[in-house]
Amino acid sequence: IHRRSSPQRVSGGIADTGAHARLPGRSRYRGLVTMEVAVLALALLVLAAALAGVGLAGLTERLPRNRWIGLRTASLRADDEAWRIGHRAAGATLVTAAGPPLLLGVAMLVAPPALVADWLLAYAVVGVVTGGLIALAARQAERAVAGFEEEATSTQEGDRSSQEDR
């Protein structure tokens, strides 16, 4: 005869003594996301939305120069033209940087709670990859602005030499 184990009373609550025993920080109900996981997933989704929004606004040249949103480098903040050129150059990379946090955030919401114990490593990997992509975007923006400044300087020098030839 097979005997099923039944929940046992433990100091004011019911504890599961079976294979799905409650672990610290876990929901005792399979299939539900704990509050901690939901908050962390929401933070990742907000980060992904912010990166994608800044990237798309930069690509479409609709990101106004401001103090709060965008890449914060000295050359990009120099003037409106540098801001526009730099964010246009970095826009695609910023949109790409939204991918890892978006994927992890969605995965955290749909994965079984038993897998959530291993999210710390995934968080670290996503942080490193996303940070690297943001640094790459800033470097692309800097190069685009430097190229624009060199082009503007050479154009001005060319105009001066043609005026002197006259």
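Under the side chain to side chain contact (heavy atoms under 4.5 Å, CB included) test applied with Leu44, the options Val39, Leu104, Leu102 reduce to a single match, Leu104.
Heavy-atom minimum distance, Gly70 versus His87: CA-NE2, 3.4 Å. Residue Gly86 comes nearest to Ala141 through the heavy atom pair O-CB, 3.3 Å, listed as atom of the first residue, atom of the second, then distance. The minimum heavy-atom distance between Leu76 and Leu71, with the atom names listed, is CD1-CB, 3.6 Å. When all heavy atoms of Pro100 and Thr96 are compared, the closest pair comes out as CD-O, 3.5 Å. Contact record, Ala48 with Ala98: O-CB, 3.3 Å, taken as the closest heavy-atom pair. Shortest non-hydrogen contact noted between Leu40 and Tyr123 is O-OH, 2.8 Å.
Counting heavy atoms from C-beta outward, Asp79 and Arg65 have side chains that approach closer than 4.5 Å. The closest side-chain heavy-atom distance from Leu109 to Leu45 is below 4.5 Å. Contact check for Val126 versus Leu103: no side-chain heavy atoms found under the 4.5 Å cut-off. Counting only heavy atoms from C-beta outward, the side chains of Leu51 and Thr130 approach each other to under 4.5 Å.
One finds the CG atom of Leu42 at 11.0 Å from the CG atom of Leu47 (value rounded to the nearest 0.5 Å). Note that CG of Leu133 is 9.0 Å distant from CD of Gln140, once rounded to the nearest 0.5 Å.
The main-chain N or O of Leu63 is found under 3.5 Å from a side-chain atom of Trp83 such that the two form a donor-acceptor pair.
In this structure, Arg72 places its CZ atom where more than 12 heavy-atom neighbours from other residues, nucleotides or ligands lie under 6.0 Å away.
Note on Trp68 and Ile134: same hydrophobic cluster, where clusters join Ile, Leu, Val, Met, Phe, Trp and Tyr whose side-chain heavy atoms are under 4.5 Å apart, directly or indirectly.
Under the 4.0 Å criterion applied to side-chain N and carboxylate O atoms, Glu81 and Arg84 are assigned as salt-bridge partners.
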